[in-house]
Amino acid sequence: MARRARRYWLMKSEPEVFSIDDLERVSSEGWDGVRNYQARNFMRDEMAVGDLVLFYHSNAKPPGVAGVARVAAEAYPDPTAFDTESKYYDAKSDPEDPRWWQVDVEFVEKFSELVSLDALREAAEAGALEGMAVVQRGQRLSVQPVDRAHFARVLRMAGAKTRVRA
DNA sequence: GCCAACGTTGGC
DNA sequence: GCCAACGTTGGC
């Protein structure tokens with residue numbers, strides 16, 4: 001039985017809203033509130049349980065990768081889209097045909113030191129992370145695929161315990 | 001707080 | 001279907 005190869009991702013979160021420490025505390029969390037179709041499609045159509053995720057702190061000082069998470073549940077409708085009290089409420093999301101989806105992610109590891117966006121850029125300049133989406137100018141996508149080699153490189157830069165495997 | 005980048009909306 | 005206006009992201 002052919003199991004799909006593990007894939008690798010980067011997901012952005014503002015640490016003021018939800019940080020790697022918050023994830024460690026709750027151990028698992030629904031990744032709600034994504035309101036971008038491309039990001040939604042990655043979660044809904046491409047993510048699978050066991051995929052590894054670089055947990056990126058955006059709008060932070062400095063911004064960068066703070067740790068590793070793992071996809072813990074495949075996509076299901078984002079309940080905040082149906083919650084009129086939620087800031088993510090979307091009247092156009094029909095419960096019979098949900099517009100917005102989320103996965104669950106679980107805590108894997110917090111890096112001893114953040115791998116800053118600057119460090120990622122330097123590595124990209126040096127050719128080690130060439131083409132990685134997060135270092136591209138104007139790249140705003142909050143859920144993005146990461147090459148396995150790039151993922152492994154970021155782990156190495158962080159001195160992480162987590163390893164990529166087939 | 002500024003603003004570049006870029007996605008979405010809505011009038012036509 | 002075009003595209004101007006508007007809103008959001010996110011680095012700085």
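Throughout, protein chains are lettered first and strands after them, A, B, ... in sequence-line order, and every chain is numbered starting at 1.
Straight-line distance from the CZ atom of A:R35 to the C1' atom of B:dC6: 19 Å, rounded to whole Å. For the pair A:R99 CZ and B:dT9 P, the interatomic distance rounds to 7 Å; values are reported in whole Å. In this structure, A:E16 places its CD atom 15 Å from P of C:dT9, rounding to the nearest Å. When rounded to the nearest whole Å, the span between CG of A:D90 and C1' of C:dG7 equals 15 Å. Whole-Å rounding puts the A:K87 NZ to C:dT8 C1' distance at 11 Å.
No more than 12 heavy atoms of other residues, nucleotides or ligands shown are found within 6.0 angstrom of CZ on A:R156.
Just one residue in the list A:V154, A:L129, A:L52, A:L10 forms a side-chain contact (heavy atoms from CB on, under 4.5 Å) with A:V146, and that residue is A:L10. For the ring pair (Phe, Tyr, Trp, His ring centres under 6.0 Å) test with A:W31, the passing option among A:W101, A:Y76, A:F55, A:F42 is A:F55; the others fail. The residue from A:R70, A:R6, A:R7, A:R4 that alone fulfils the side chain to side chain donor-acceptor pair (under 3.5 Å) condition with A:D51 is A:R4.
Across residues 127-142 of chain A, A:R137, A:G138, A:R140 each have a non-hydrogen atom less than 4.0 Å from an atom of DNA chain B (numbered order). Within a heavy-atom distance below 4.0 Å of DNA chain B, no residue of residues 55-64 of chain A is found.
Closest approach to the A:K12 side chain among B:dG7, C:dG10, C:dG11 is made by C:dG10 (side chain taken as heavy atoms from C-beta onward).
A:S27 and A:E106 are not linked by any side-chain donor-acceptor pair at a separation below 3.5 angstrom, with hydrogens and angles left out of the test.
For residues 110-139 of chain A, the pairs satisfying side-chain hydrogen bond (donor to acceptor under 3.5 Å, both in side chains) are A:D21-A:K110, with sequence neighbours left out.
In this structure, the side chain of A:D147 does not engage the main chain of A:H150 through any donor-acceptor pair within 3.5 Å. Counting only distance, with no hydrogens or angles, the side chain of A:H57 and the backbone of A:I20 share a donor-acceptor pair below 3.5 Å.
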